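The shown structure was predicted, so the numbers you read here are calculated from the model rather than taken from an experiment.
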Amino acid sequence: MTNAWGNIWAVCKRELGAYFTSPVAYVFIIIFLVLAGFLPWILPFPAGRFFERGVAALDSFFFWHPFLYLLLVPALGMRLWAEERRTGTVELLLTMPLSCWQAVAGKFLAAWGMLALALALTFPMVLTVAYLGEPDGGQIATGYLGSLLVGTTYLSIACMTSAMTRNQVVSFILAVVLCFLNAAAGLSAVAELLDGWGRPGAAAADLLMGLSAASHFGAMQRGLLEFRGVVYFLAVPLFFLFATAVILRGRRTR
Amino acid sequence: MIEARNLKKWFGPKLAVDEVSFTVARGEVLGFLGPNGAGKSTTMRMLTGFLPPSGGQVLAGGIDMAVDAAAAKRLIGYLPESAPVYADMTVSGFLRFCAEARGLWGRARDAAVERVVETCFLETVRRQPVDTLSKGYRHRTCFAQSLLHDPPALVLDEPTDGLDPNQKHEVRSLIRRMGEHKAIILSTHILEEVDAVCSRVLVIDRGRLVADGTPAELRAKSESAGTVSALLRGANAPLALPALRGLAGVLRVDVVSEAADTLRVRVVPLRDGRQPLAEEVARTAAAKGLLCCELQTGEGRLDEFFRAVTVPDTASGAPAAAVTEGGA
């Protein structure tokens, strides 16, 4: 008679309400849209400015997403558990007849919904390239999917750091650092540096590439949906959400 | 309804709760007393499934909290210490969420919310955001939350903390009313509250149960229980003192005040001698030709008993140091 989905939905609904009664939702969406729209316009790399390239494609748009998520997603996730622990409501939530993972899932889904909403609102970019030329629909679809998955990965990291502390600022900084390490592992500059150290270095570079969400996203931007990418984006967020639940169970002291 | 079996909780090397066992049945209001930091809140957090115990068991309605936490939690309503609420929600929004998290949806949810809004006198503020409410209303909102699913057991951590005298009175009469058919555990360090609502008292000190009984039983164990205060009047009243001291079962006689023709005394009986001492005192006074103007047998005081069985947290806690050494 346990109604797992009902419990998850109850938590998720409350959390969405909290996003929209505070300015967090609006600030997040507006800043994300402004930056996602303007960065490809004004910055020339990697493939040239959006309108000057003469190519009806969104890769200069997607290029910036991991960097945007790096700062914005931790801001979205930082209050999930830190705030509950600061105000003591976590004691209320976890003495309800719902399991720890249901609470984790409900909160995560609420933040994820915000992320998906913000990303969906970038649809004018798609309309623009469709108006200007004939873009590859499949590539745009995998690009969006990949972008969402990178955001999901970072969000799961932010979820975990939020459960680690009562302080939202600490949670934010930890999440940014972890997401940055994740992104940096996929940078070609890092790979080149390691390649210079001979075979062990090259192996390490491969490993780091495999660990970075951004490098899997790179393949998806080119329209490639790789098996290892799918495995990565399923396994890594689940791992961090699992870690969140473990931390919550272990850290129930005041 | 709720049973604690040998509950233990370690925080690092510190033993916060040590082998605490008790049961609470329906129709009982159990007062949980103890100095600050004695382990009251920790015990309640284990009872409600928030903290996993380091040892021992919690059973709610016969269901082991460690085996089926959701089923056990369904039977318990919980008011945590300092009554946390989601500040960004309205009162009714908060209560609706709590109802949904407890598996009540649709009409059942609305009916439950209506019921507790009425029980806890929240009608006037139901549409207000919680963070605009006074502490008393916020407290009642959190209290209302614990009643949504009409649980057979209630765990209330300092239910009247921070309320004004009128609100305290309201909450106490509410608890008394619900205590008629629910099992209630409440923690407090206000002794008058124990007298007002509790049918049984547990005293916990440094994690250990040190007393268990009805308020009257515990009062009877205090030092002043059975003590007879008397005001004797007559010529040479102080001369009656040796006779009083010579009564059987008297430990000592304290002289409160004396003058040429009046004597105010407190006759302290031996621990086990509980015969009607007042009568003896009156008879002795009469035999000495004195008039017994006032005569009263003390029924004992909870605060005396409390002080006798607990150690104030200002005292250097030798047992705590021993625990630290043992754990290191």
Side-chain angles (χ1 to χ4, degrees), chain A residues 1-26 79-107 109-110 163 166 168 245-254, chain B residues 9-12 14 16 41-42 44-52 60 63 65 68-90 93-94 96-106 109 129-131 138 141-142 145-146 148-149 151 155 157:
Chain A
M1 81 161 253
T2 49
N3 182 1
W5 287 112
N7 292 347
I8 292 173
W9 174 232
V11 175
C12 179
K13 207 168 67 162
R14 197 212 79 76
E15 209 60 41
L16 281 172
Y19 276 124
F20 282 99
T21 47
S22 70
V24 179
Y26 308 101
R79 51 171 289 285
L80 286 180
W81 290 102
E83 178 74 359
E84 294 257 359
R85 291 184 49 172
R86 191 181 63 78
T87 60
T89 45
V90 64
E91 204 169 336
L92 217 53
L93 187 63
L94 295 182
T95 51
M96 299 280 182
L98 39 79
S99 66
C100 198
W101 72 264
Q102 287 166 357
V104 169
K107 279 175 170 283
L109 282 177
R166 254 190 275 178
Q168 293 194 29
V246 169
I247 289 168
L248 283 173
R249 291 175 75 91
R251 277 217 151 198
R252 284 188 211 157
T253 56
R254 260 173 91 88
Chain B
K9 185 69 190 175
W10 291 91
F11 287 125
K14 190 173 176 289
S41 289
T42 305
M44 299 199 133
R45 286 184 178 140
M46 290 192 283
L47 291 180
T48 52
F50 179 64
L51 283 176
I63 302 166
M65 187 64 81
D68 190 350
K73 285 172 180 175
R74 223 165 265 137
L75 301 174
I76 301 175
Y78 180 35
L79 172 66
E81 193 183 7
S82 77
V85 280
Y86 291 103
D88 53 340
M89 304 178 95
T90 63
F94 171 76
R96 270 205 301 276
F97 159 67
C98 291
E100 287 168 0
R102 290 200 170 275
L104 299 168
W105 294 83
R109 171 196 65 195
V130 170
D131 56 1
R138 222 179 293 182
T141 306
C142 194
Q145 158 279 132
S146 70
L148 276 167
H149 51 304
V155 178
D157 202 345

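Between the side chain of Arg85(A) and the main chain of Ala163(A), a donor-acceptor pair closer than 3.5 Å is present. With hydrogens and angles ignored, the 3.5 Å screen pairs a side-chain donor or acceptor of Thr90(B) with a backbone N or O of Gly93(B).
Heavy atoms of Glu84(A) lying under 4.5 Å from chain B belong exclusively to its side chain. For a residue to count as touching a neighbouring chain, one of its non-hydrogen atoms must lie under 4.5 Å from one of that chain's; by this rule Cys98(B) touches chain A with backbone and side chain alike. Residue Ser99(A) does not touch chain B at all, counting heavy-atom pairs closer than 4.5 Å. Contact of Ala69(B) with chain A is not made at all, since no heavy-atom distance falls under 4.5 Å.
Within residues 16-24 of chain A, the residues having any heavy atom closer than 4.5 Å to a heavy atom of chain B are Ala18(A), Thr21(A), listed by residue number.
Residues passing the side-chain hydrogen bond (donor to acceptor under 3.5 Å, both in side chains) test with Trp9(A), sequence neighbours excluded: none. Checked against side-chain hydrogen bond (donor to acceptor under 3.5 Å, both in side chains), Arg96(B) has no partners two or more places apart in sequence or in another chain. For Phe94(B), the ring pair (Phe, Tyr, Trp, His ring centres under 6.0 Å) criterion is met by no residue, not counting sequence neighbours.
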Set out, in order, the CA-CA distance, both residues' side-chain angles and the distance that settles side-chain contact (heavy atoms from CB on, under 4.5 Å) for Glu100(B) and Lys13(A), then state yes or no. CA-CA 10 Å; Glu100(B) 287 168 0; Lys13(A) 207 168 67 162; 2.9 Å; yes
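Nearest approach of Ile76(B) to Val155(B), heavy atoms of both residues: CG2-CG2, 3.8 Å.
Between the side chains of Tyr78(B) and Gln145(B), not a single donor N or O lies within less than 3.5 Å of an accepting N or O.
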